[in-house]
Amino acid sequence: MIRFGLCCIFREAPIRFRRATAKHLLSKPPAERLTTLSAICRHNAEALHQALLFCQANGIGGFRINSQILPLKTHPEVGYAMADLPGGDEIVDQFRRCGRFSRRHHIRTSFHPDQFIVLNSPNPDVVHRSMADLAYQTEVARWVNADVINLHGGGAYGDKKAALRRLVRVIGKLPTAVRNRLSLENDDRVFTPADLLPVCRQAGVPLVYDVHHHRCLPDGRTVADVTGEALETWPREPLFHLSSPLHRNGGGPCGPHHDFIDPSDFPCEWRTLDLTVEIEAKAKEIAILRLMQTLPDDLKHRCA
DNA sequence: AGCGGTCAAGTTGAT
DNA sequence: ATCAACTTGACCGCT
């Protein structure tokens with residue numbers, strides 16, 4: 001069975017996550033900062049519960065959690081520990097409730113740290129800050145029962161092979177709780193599936209195959225090839241990515257995502273797999289619900 | 001109440 | 001050398 005994952009936010013359902021800016025917090029006295037952050041974190045824990053309820057009620061089998069669910073958690077000036085927040089224990093409890101709900105209803109959750117988290121940077125400060133952020137996301141992942149923290153390979157710095165060697169080495173040094181959840185995803189500018197699959201095998205982390213990125217940044221392999229090799233990197237249910245481009249510039253760089261998914265972008269090779277497919281479409285839950293309606297018929301005709 | 005500029009962080013590639 | 005694009009809002013200060 002294919003299950004679809006929703007990425008971070010809703011277009012129409014009235015479920016919103018809050019954030020904070022460091023600049024604003026720094027204009028307040030420290031005690032007030034913590035009160036503000038506490039209110040936001042509490043709100044977000046409740047919003048996550050609502051998000052999971054929505055998914056459960058609508059047959060959506062996965063949900064990607066925004067990295068800013070605990071805003072600015074590892075920021076050098078306004079970063080904090082849960083114990084610093086007023087009512088921090090209750091906030092953690094609420095996240096644990098989300099974890100029990102997702103386990104009971106088989107809703108898979110994941111994280112996708114943003115572009116500032118780079119494990120293979122030649123700058124050790126960048127790597128250390130990245131590892132700290134991964135530790136934070138892992139902490140939340142344990143509460144909420146998320147089994148995937150998905151990352152891009154990072155930069156090439158003019159020497160892809162050396163960059164990939166650094167990546168293997170740094171992954172090897174990660175705490176087990178982080179590495180057990182870590183996955184790597186092919187991107188649209190630097191690292192293809194062919195680049196990352198050896199890293200995945202050496203470092204013992206799975207590949208999140210993004211077929212749209214692969215079409216923009218090809219590596220000579222077919223969708224069928226990469227699908228098969230990526231599946232072998234997963235000791236549990238695999239997780240792949242699907243999106244449709246707003247503009248069809250065949251072979252050019254990946255542009256912005258479309259509002260919806262063109263069902264014909266769904267690879268026939270995935271049809272019969274047990275697989276989580278995270279849907280990157282700007283219409284969010286509307287796009288998933290539409291795809292769930294149109295895909296079965298489309299597959300029947302296109303992939304016979 | 002509504003508007004628009006701004007928001008921690010990195011890297012690449014276009015200008 | 002500088003700067004937008006990644007993804008995309010939400011927030012905050014101002015009117």
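Note that these values count all heavy atoms, side chains included, but never hydrogens, waters or copies made by symmetry. In the text below, chain A, chain B and the rest are named by the order of the sequence lines, each starting its count at 1.
- One side chain, A/Glu185 or A/His112, offers a donor N or O that lies under 3.5 Å from an acceptor on the other.
- Closest approach of A/Pro71 to A/Leu37, counting heavy atoms only: O-CD2, 3.9 Å.
- Between the CG atom of A/Asp159 and the P atom of B/dT11 there is a distance of 15 Å, given to the nearest Å.
- Computed from coordinates, the A/Arg33 CZ to B/dA8 P distance equals 13 Å when rounded to whole Å.
- Inspection of the A/Asp133 and A/Thr74 side chains reveals an N or O donor paired with an N or O acceptor under 3.5 Å.
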Self-check item: Secondary structure of DNA chain B in dot-bracket form (Watson-Crick or G-U wobble, distances below 3.5 Å, | marking inter-strand pairs)
Solution: |||||||..||||||
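- Checked against B/dA8, B/dT11, B/dT12, the side chain of A/Val190 finds its nearest nucleotide in B/dT12.
- Among A/Arg103, A/Arg236, A/Arg142, the one residue that satisfies the salt bridge (Lys or Arg N to Asp or Glu O under 4.0 Å) test with A/Asp147 is A/Arg236.
- Partner A/Trp143 forms a side-chain contact (heavy atoms from CB on, under 4.5 Å) with one of A/Arg97, A/Met82, A/Gln94 and no other, that one being A/Met82.
- Look at the C1' atom in both C/dG9 and B/dT12: the space between them is 24 Å, to the nearest Å.
- Below 30°, between 30° and 60°, or above 60°: for A/His258 and A/Phe260 the angle between ring planes is between 30° and 60°, a tilted geometry.
- Taking atom CG of A/Leu26 as the reference point, atom P of B/dA8 lies 8 Å away to the nearest angstrom.
- Residue A/Lys160 contributes atom NZ, which lies 17 Å from atom P of B/dT11 at whole-angstrom precision.
- Using a 4.5 Å heavy-atom threshold, the side chains of A/Ile9 and A/Asn66 count as separate.
- In the model, A/Ser264 has a side-chain atom that pairs as donor or acceptor with a side-chain atom of A/Asp262 under 3.5 Å.
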Quiz item: What is the per-nucleotide protein-contact pattern of nucleotides 5-15 of chain C, from the 5' end, where B denotes a base atom under 4.0 Å from a protein heavy atom, S denotes such proximity for sugar-phosphate atoms only, and - denotes neither?
Solution: -BBS-SSSS--
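- Only the P atoms considered, C/dA4 is 13 Å distant from B/dG5, to the nearest whole Å.
- Aromatic ring centres of A/Tyr209 and A/His214 lie closer together than 6.0 Å.
- Comparing the P positions of B/dA8 and C/dC12 gives a spacing of 11 Å, expressed to the nearest Å.
- B/dA9 atom P lies 17 Å from atom CD of A/Gln137, rounded to whole Å.
- Counting any heavy atom pair closer than 4.0 Å across all strands shown, A/Ser130 reaches no nucleic acid atom.
- Regarding A/Asp133, its CG atom lies at a distance of 13 Å from the C1' atom of B/dG10, rounded to whole Å.
- The separation of C/dT7 from C/dC11, taken at their P atoms, amounts to 22 Å, rounded to a whole angstrom.
- In this structure, A/Phe191 places its CZ atom 12 Å from C1' of B/dT12, rounding to the nearest Å.
- Rounded to a whole Å, the CD atom of A/Glu77 is 11 Å from the P atom of B/dA9.
- Between C/dT8 and B/dT6, the two C1' atoms lie 13 Å apart (nearest whole Å).
- Using a cut-off of 4.0 Å between Lys/Arg side-chain N and Asp/Glu carboxylate O, A/Glu229 and A/Arg201 are scored as salt-bridged.
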